[in-house]
Each structure stands twice: as structure tokens, then as C-alpha cells.
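I have placed the structure first, in the form of C-alpha cells, so that the comments after it can refer back to it.
Values in this document were obtained by computation on a predicted structure and should not be read as measured data. In what follows, chains are A, B, ... by sequence order, proteins preceding strands, each numbered from 1.
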Amino acid sequence: MDKTIFETFIGLEIHIQLTTKTKIFCGCKNSFGDPPNTNICLGCIGYPGVLPVLNKEAVKKACLLCLAMNCKLNEKTFFERKNYFYPDLPNNYQLTQFELPFGVEGYVDTALPDGSIKRVRIHEAHLEEDAGKLMHEQNISMCDFNRAGTPLLEVVTKPDFKTGEEVEAFLLNFRRIIRYLGVSDGNMEEGSMRCDANVSINYIGKGLGRKVEIKNLNSSRHVRLAIHHEEQRQAKLIKAGETIVQETRLWNDDKKRTESMRSKEDANDYRYFPDTDIPPYIITKEFVSELNSMLVELPLTRRNRFISEYNLLLDSAEFLTEEKDKADYFEKACKEGADPQNAAAWIKGDVTKVLNREKMEILSSPLSIERFITLLDFVGKGKINGQTAKKVLDIIITENKNPEDIVRENDWEQVDDSGSLMPVVEKVLAENSTAVNQIKSGDMKPVGFLIGQVMKLSGGKADPKKVKDLVMERISAL
Amino acid sequence: MLKEELFITANIARLELDEIEAEKLNQAATRMIEHFSLMDKIDVDSLLPTTHITGLSGAENRTREDVPAETSIADKLIENAPERDGRFIIVPNVL
Amino acid sequence: MEWNKILSDKENKKRYTEYVNEWENKIHSFLEFDLDRQAPAQTAEQNVLESEKESATVRAAQLISGMPYAVKDNIAVKGYRLTCGSKMLKDFVSPYNATVIEKLNTVEAVPVGKCNMDEFAMGYSASSSALAATSNPRDLERSSDGCAAGVAAGIVPFALGSDTGGDVRQPASLCGIYGLKPTYGSVSRYGLVAHASSFDVIGVLSKELTIVESVFNLIKGKDEKDHTTAGYPLAGKSLSQKSVFGYLGGDIGLSEPVKQAYKNNIDILKAKGYGVKEVTFPLLEYVTPVYYTIAAAEASASLAKYNGIRYGYRSKGTDSPLELMKKTRREAFGDEVKLRILLGTYVLRSGMKEKYFIKAQKIRTKIIDEINSLFKSVDLLVLPVFPTTACKHNDAECGNRVQEKFTAIANLAGIPALSFPAGIYDNLPVGLQFLAPQYEEKLLFQAAEIIAKEIATAVPNAPGFKTIEEICTAGR
């Protein structure tokens, strides 16, 4: 699409499944991946006579996210019935918020790959119930109502995005935010975060075009690709003088294109009206201050602070603030006396490598802050060398042992006294006279080899710098 | 009510109607809609709609603690479904 | 009246069963009847009554303990069907108990059967039931819903009904018994199948005022399964000689018997030294359009859950979920239900919602305001219940869809109302009702007590009615 002629407007509708223990309107477990129709009760599959009872935690998590998105909280809210028939919707109306959602008029800042900050306005955010799931087989559809009644926060942005890349960066940042707050795991593949994109293009300066809604976007990459595709498709139509059909299209990831849904039952009239089984919910001052005390520093702010406070490079700060646990770990280590640069390098490098291999999370792994600091300290003070430190780290994590014990049991303490190293150096020099002669004649290449031999004989625990000094000293004395 | 409106409404409400039924219901519906039109006479623009009757007795937020309820009713609920396949409740969908 | 003691005797039980069968062949008030059914308690946890320490509650528990009672077939009793008078739920057995049933279980009252009713409670006379036709025990050519008929015939001492626009009070009046519609939110709706959730409330029907009051005291209170319930305030107003009763003057469209009963009863109150005051209620003509608009709208959503997928009736041989739903609803809903669903859907449609639904909600606000201001000058209101005496079966003229104009006021405003026997004309009873502010049920019982003393002998029982003692001593 020619960006000198057209501009794109993209707005998102993001559904976030909140991580509560129970469903939004009944006491069934809110969990993913159980056998079909196990987490169901009279309430969430719509038995006659059973009433919805609102989950306090769902309200709390919804409002917390609203505050984190800088939304205003409506003082009085209520739930409404959104009426439409679908086999996976037990009551054939969805309980949702419409006229008075929890959050309105917010914004979220995202750092774009070029370093600039993109501010996207949040139109509103409302709490609602998820529907069940349908799976289709030859001549039947199979209904599983485990998901019916999962609390969802739907966040609606203004059409502030201009490119698919902006949207992708936003979604990654947004996922971090909801994970920081602990309100959702934000897993797009499992559907705990789902995103629909409204895309319209128009000649520059002509304002919004006719919007097309794209669904079935299961990763932030799909979102970007679908937007690119849609921009091309719409531009082509406009250039050909055709009008864009306002419709819902599905992303087909195999064919890498959007396809019209062509639903037989387009004309839905949702007939929203207030549900009378759930009393209105009043947002009190006490509730807001409780929420404020639960708010945490968000990833972008934290990243910027890491750069200024710890002198980290953007890259490291970005890495460390990806997950709240990692950032918390880093900061705690620094507070306990770790050198920030050093700690950052270790966390970003070997620590993450081993944890990933062992499929462990940093905070729950055997690498306690105390052990991590001890390890860094050993290296800093020259008690063990860098190579040994990596081995020690591995054992801490895989065998859940203290670094002190590992070093002692393996006798890995670095040897740097000339007394015990000199016999080894002399032995190596005596056995490698060719190399020694080469060096004496001014070719320094074999130095590394000789050091390596000494290291090997010392079981890896010699201080490599000291060994080099001794080797050079002995050769020049010969 | 126009017959056409009746059919649109019936479709939204997922009620199948044939012509005879539609005729009968349309007469009754038209009479009721006329009755509803009595409401045109009164000016209540300045009033707020009553959406919740409990609002009358003072506000206290009613919520439930996030604690899973002990239930063992799932199997019974599946048995109550007219058609099922294992633990799935099924509906016809001939494509 | 120690029912459980009397019925523990085999012979007595047989006589009682014969009595029930004899009546049932004539009036068909029950859809299911099982004298041996003890409603199983849902949980082992003791259902602690909120106001257990109240002496009224203790007395109530003593009176109701062991009594058999009937339950309208839209209230869930575990193990009984929950048909709602509809083909849709004809074979649907409830897997759970309504909160009111759990509460009555704690005093070991016995739900012995489920009563016929209008399909999904859309009506007051069970004439739209898909499952049976009930007759009024006062006159078998006339109609009644099952609860009122069963109680008036002496089959059970009380019944639990539901009142959306008057469907406890109207049949109670037409059968010559008491019918209480409690304050909205004072009795849990958990287990009551919704017709219109902002109006629905579970009520009590009985021939005895003390039974109505006792059952109400046992079933009221806040419920964690129904968040529209509130704690029932302990202190309420009491009737005194200074109390003033408001009544409507002028032509309010009453048939001659009702007009006479209205006048007579106001005269009784006056003669007893209470203040009576003529009041005006200019919004009366809006009551039914507002009530029907909102009730139909709410019902159109409440009844959407019946689509043949998870339980209940399912149409055979369909090809798609859409067809399944449409055919199921066509085949299993009756005409009245279809009509209300269509109306409710229509008044909520875009383009119609402002004109009908929102407008009705706003007039509802005005009606509530006006009722509240009436209660500043009077303590109670006395109103008719039904414009005529009981209608004949299939009498289309009788009950022309404005018959809820006196009863739906209480549902619109969420206030309590008690209908009481107020006279009898040509062997057909007439009822009137007292209305009080929210949570002032006590005033209603005290007011009805005054009338009861004066009128009890004037309103005889249904012909053939026997007390349990009479039934069991007969033939000895």
C-alpha cells in the first residue's frame, strides 16, 4: 500500500481472561485444559431459576487493569444483557457492561522499535462473561461449557494505530502490563488474550474509512500480518473505485489472507438492557485506594528507570523488564550489593540459559538471591574463575546446592599462589620445548596453548592471569 | 404491527412461525402494541429509567468471594442434555 | 392442626389421599403429587434462619413444622419436575432445591406436590398451561391456577406461588383465600424460574392468615445465592388507631360485586375507628402498558435459555443449531409465551427501545415516586385485586389484559401486598388487597386481621371443603 496516498486507522478490541480462581458469576473453577464439561454447574450452563452472583476478585482485577491503563472508573456501573442466540452461550444472552463500563477514557504508552513512544487512547474497558466452546465434526457440533463464565475484560482502543508494527509492539507491551499486574497470563495461543482489529484505510486527510473487523488473530504476529494484508486488499479496492464492504473477516494463517465470514445471521440486534439479577456496583473511594495500593510500576516506566538508575543499556533494561519477576530479582540482587552491570550480564546470559533449559522461573528456582550474590562475589574476589562459575551456577540450579558447598566439595577454589602453581608450569614447559622455543624466538602464538595445559593440569581452578604471568616469567628466565 | 416486522422480530427471537400462526399472533401483538401506545401521552423525559428495583433499599455492593464451590453436579448436567457424545453436549450441524 | 401426627396414621393417610383424589378429578390443581416425598436437604449445612432469635420465627416454626404444602411448578424442588406448565420442560426434573424449599426443610414442612400454572407464569389462571386445565373449586366452570385451587379445596394448608404482576393475589382472591406478594428482595428468588426478574417474587397462599405470616417469616431474608435480596429489618411499623388507609375513589372500572366489596371493607375499617382517606392515583391507566412492556422485554431474554440444547425439549431431525433452536421454540412454547417473547423482543429492538422499553422504565420511576408520596399521607393502601369475580373457562372477554392494573402496582414499585377474602357474591369470592411500603409486611398482616374478624363468617369455604380433622374423623 502506498503510504504517500493512503493512511490506515486501526483500533483494537482485546479480550483478556482474568486469572481468578472461580468463574465470574458462579463458584465453578476457572481453569484451562480440563476434560470437557467438568467445570460446569447449574449457574454457568443456564439452568432455570439460578441467578448470577458476582465474583469480587474479577471486579478487582478488572478495575486494577483499568487504573493501569489510566482509565477513569465509572462511579456506578451495572451489567446488561446482550441478547443473541448461539449454542455456546448458555443463557442466549451475554452478561456484559454496556452503558456504564468499569473503565473509560484511558491511554497506554508503548515504546516502538524506533525508540519513540506511542500513546494509544483507550475508549473503554468492560467486564463480561466468556462463552463456551464449539468444536465441529462432520455432522455435529460439540459443546464444551468449561469456558462459559470465565471473566473477561474487553478493552477497546481508539483507532489510533497507523501500522501493523505499532499494533504488534503494543500487544507485546500490553501483554507485559497484564502479566505485571497479575490479572491474566496473556497467552494468545491459548486464548487467554484475544484480539480483534478494526482496520480502515482512506486517502490521507480524508479521515476514517469504512472499517473492517478482523478476527481469528492468535498471535501478535498474525495481527501484524493480517493488517498488512488488509491494507493491500483495501487499497486495491479503493483504487479500482470499489467501496469497502463493512464486514467481519477472518484471518487464514495458512493462506496468509483475510476471508469474509459471510455469516447467514449478520443482522443481530443485541437489544442491550440492564440485567436485573445483579445489583449495580458502586466504586467507592476505599476500593480505589485499595486498587492504588495494588498498582505496580509498569514495564515501560521500569525499563526507563533501569537505564537511568543502573546505567544499563537499552537492550539489557528491555530484557530485564520483560517479566516482572526478572526485574524484581535483578533489583533485589542490586539492593543486596550486586554490581548492576555484572548482575544484568549474568541474568541475561547464563542464568536465563540454564533456567530455560530446566524450564524454571527465576523466582522459584534454586538460585536464590543469596546464592546468586555469593556466586557473583566469588568471581569478583577471584575465588573462582569465570569458567568455574558457570559450572557452579549449573549445579546450584540442577542440584539445589549452595555455591560454597559446591566449590568446597569439588575443590574448585582458584589457585593463585606461585608456590603451588610453579611446579605445574615447569612440568608443562619441560614437556613442550618446541612451543617454548617458538615463544623465545618471538612467536607468541603458543602462549595460549601452554596456559591451557597448565589450566588442565590444575583441574581448571588456576587463575588464568596468574598462570600467564608465571609462564612468561619462566620462559624469559630460561 | 406489520407482518414483515413480526417475521423480523420472530427471527431475532429464534421463533419459527408459519403464516397461520403469524396471522393469529400478529392480531394479538398489534392489540398489545396499541395498548403500549398509551404511554405516548405522558411526558417523562426528565426522569431516569428504573433499571434495578433493589436500588430503592439502599446500596451495598453484593459480591461473592473468589472461592471454588464444591460441586459434583457436572455429570448429572451432562446426562440431562438431549444428545451427547461422551462428555460433549452435541447439536446437529450438517454443512 | 398437627398434620404430620394425623397423617402418620395409615387409615388417616388413606382417607386424606381419597379426599385429594376426589378433588383432583374435578379441579386438576396438581401436576405431581407425592405424599411420601420428603424434599431432601441440598447440603448437610444447617440453614440458619436469619432471624432465629425472633420469637415470631420460633412460633412460625412450631406452626409450620411437619405441614404438607404445594409448590407452584416454577419453583425448584429437587426430585420433582420443574415444568413451568410448559411442553419445553415437561420432563425436566430439578436437580436442586430453591432457597425457600431449603428453608422450609429446616422446619420439616413437606412439599407434597407441584401445582399447575400458566406457561412460564404468564397469566393468573393456569389457562395457558400446556399440561393441564385447572378449575376453580368454588365453581368448576371457572378457572384458577393450581396453587390457589389446591389450597381452597383443602388439599394443602398452604402453597408457595410466584407473583410477577399479581399471579399470587389474583387466583387467591378468586378462590377466597389469602395471597401474599412480599417486598421485592425480601424472599430469595434462587430456584424460582424467571418470568420477569425485576418483578418476580415468591409468595404464599393460604386460607389462614397466621399460616401466611408464619411461612413468610420462615422464608424471608438475605440469600447469598440471590444478590437482589437484602437483610430483613427487624423493627417494622405496627398498626395503631391512628393508622390511615388510602383508597381510590371514582370509577376505576370495577364490576358490581367488586365495587360493593370495596365499599363494605372500607366501611369496616372506618367503623373500627381507623382513618380512611380517598386518594387519587392518576397513573393507574399506565400500570398495565408499563408492566407488560417491561415484563415482556425481560421475559424475552429470560426465556432465551430454552433452546433445546442443554436440557428440556429438543426438536427432532434438524440440520443446524439455528434450525434446532427455532423449531424447538416453535414446537414447545405455547401461544401466550410466543406472544410475550415477540412483544418483548419488539420493544427492545433498535428503533423501538426508546419509544417503548425506556419510556416504560421512566414511567415506572414516576409510578414509584407517586406511590412513595402516597405513603406520606397514608399508612396503607386498600385496592381491588381483580376487576371481576372468577372468569369462566375460555372467556375471552373476561380478563382483557388490563386485569393486572391493580396488582402490578406492587410489582412495579417492589412493595408488599396482601390479598384477602373481602366478601362473596353469588357464591363467588371477591378479594381486596392491602399495600404497604417496602419491608412493612407486618402492617399488612395486622390490617388483614381486622377484616378477618369481621368477615370470616361472611366468606364460607369452598363447597365440599374439609379440614384435615374433618377428613380423618369422617367414617369413624
Contact class of [X] relative to chain B, heavy atoms under 4.5 angstrom:
X: C:Leu324; answer: side chain
X: C:Arg364; answer: both
X: C:Ala360; answer: both
X: C:Leu283; answer: side chain
X: C:Thr365; answer: both
X: C:Leu343; answer: side chain
X: C:Val347; answer: side chain

Where [X] and [Y] come nearest, the two heavy atoms and their spacing:
X: B:Val44; Y: C:Lys366; answer: CG1-CD, 3.7 Å
X: C:Ile309; Y: B:Ile89; answer: O-CG2, 3.4 Å
X: B:Ala13; Y: C:Thr345; answer: CB-OG1, 3.5 Å
X: B:Lys24; Y: C:Asp335; answer: NZ-OD2, 2.9 Å
X: B:Val91; Y: C:Pro321; answer: CG2-CG, 4.1 Å
X: B:Ser37; Y: C:Tyr356; answer: OG-OH, 4.2 Å

Would you mind checking which part of [X] comes under 4.5 Å of any heavy atom in chain C, side chain (CB onward), backbone (N, CA, C, O), both or neither?
X: B:Asp40; answer: both
X: B:Glu21; answer: side chain
X: B:Ile73; answer: side chain

Can any side-chain N or O of C:Lys359 pair as donor or acceptor with the backbone N or O of B:Ile42 at less than 3.5 Å?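 Side chain of C:Lys359 to backbone of B:Ile42: a pair is present.
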When you measure from the side chain of C:Arg329 to the backbone of B:Arg14, do you find a donor-acceptor pair of N or O atoms at a distance under 3.5 Å?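 It does hold such a pair.
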Might you confirm whether atom NZ of C:Lys353 has over 12 heavy atoms from other residues, nucleotides or ligands at distances under 6.0 Å? yes
What do the steps show when you test B:Arg64 against C:Glu224 for salt bridge (charged side-chain N to carboxylate O under 4.0 Å, His left out), and what is the final call? CA-CA 8 Å; B:Arg64 170 179 62 80; C:Glu224 290 310 321; over 6 Å; no
Distance from [X] atom [atom1] to [Y] atom [atom2], nearest 0.5 Å?
X: B:Asn80; Y: C:Phe92; atom1: CG; atom2: CZ; value: 6.0 Å
X: B:Leu38; Y: C:Thr288; atom1: CG; atom2: OG1; value: 7.5 Å
X: C:Thr293; Y: B:Met39; atom1: OG1; atom2: CE; value: 3.5 Å
X: C:Ile341; Y: B:Leu25; atom1: CD1; atom2: CG; value: 10.5 Å
X: B:Ile8; Y: C:Leu342; atom1: CD1; atom2: CG; value: 12.5 Å

Using a cut-off of under 4.5 Å for heavy-atom pairs, which of [options] has the most such pairs with chain B?
options: C:Phe357, C:Tyr286, C:Tyr311, C:Tyr313; result: C:Tyr286
options: C:Lys355, C:Glu285, C:Met325; result: C:Glu285
options: C:Glu323, C:Arg349, C:Arg310; result: C:Arg349

Between [options], which residue shows the highest count of heavy-atom pairs closer than 4.5 Å to chain C?
options: B:Leu47, B:Ile90, B:Ile78; value: B:Leu47
options: B:Asp45, B:Leu17, B:Thr63; value: B:Thr63
options: B:Ala29, B:Pro82, B:Ala10, B:Ala81; value: B:Pro82
options: B:Arg84, B:Glu79, B:Lys76, B:Glu5; value: B:Glu5
options: B:Leu6, B:Asn26, B:Asp18; value: B:Asp18

Walk me through whether C:Thr228 and B:Ile53 qualify under side chain to side chain contact (heavy atoms under 4.5 Å, CB included). CA-CA 9 Å; C:Thr228 61; B:Ile53 194 75; over 6 Å; no
Let's go through B:Leu48 and C:Lys362 carefully: what are the C-alpha distance in whole Å and the side-chain angles of both, what is the deciding distance for side chain to side chain contact (heavy atoms under 4.5 Å, CB included) to 0.1 Å, and is it a yes or a no? CA-CA 6 Å; B:Leu48 289 173; C:Lys362 286 181 176 178; over 6 Å; no
Look at C:Lys326 together with B:Glu16 and state whether they make a salt bridge at an N to O cut-off of under 4.0 Å.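 Between B:Glu16 and C:Lys326 there is no salt bridge, as every charged N stays at least 4.0 Å from the carboxylate O atoms.
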Side chains of C:Thr318 and B:Pro92: does their closest heavy-atom pair fall under 4.5 Å? yes
Would B:Thr51 and C:Gln361 satisfy side chain to side chain contact (heavy atoms under 4.5 Å, CB included), going step by step from the backbone distance to the final call? CA-CA 7 Å; B:Thr51 56; C:Gln361 285 184 314; 3.8 Å; yes
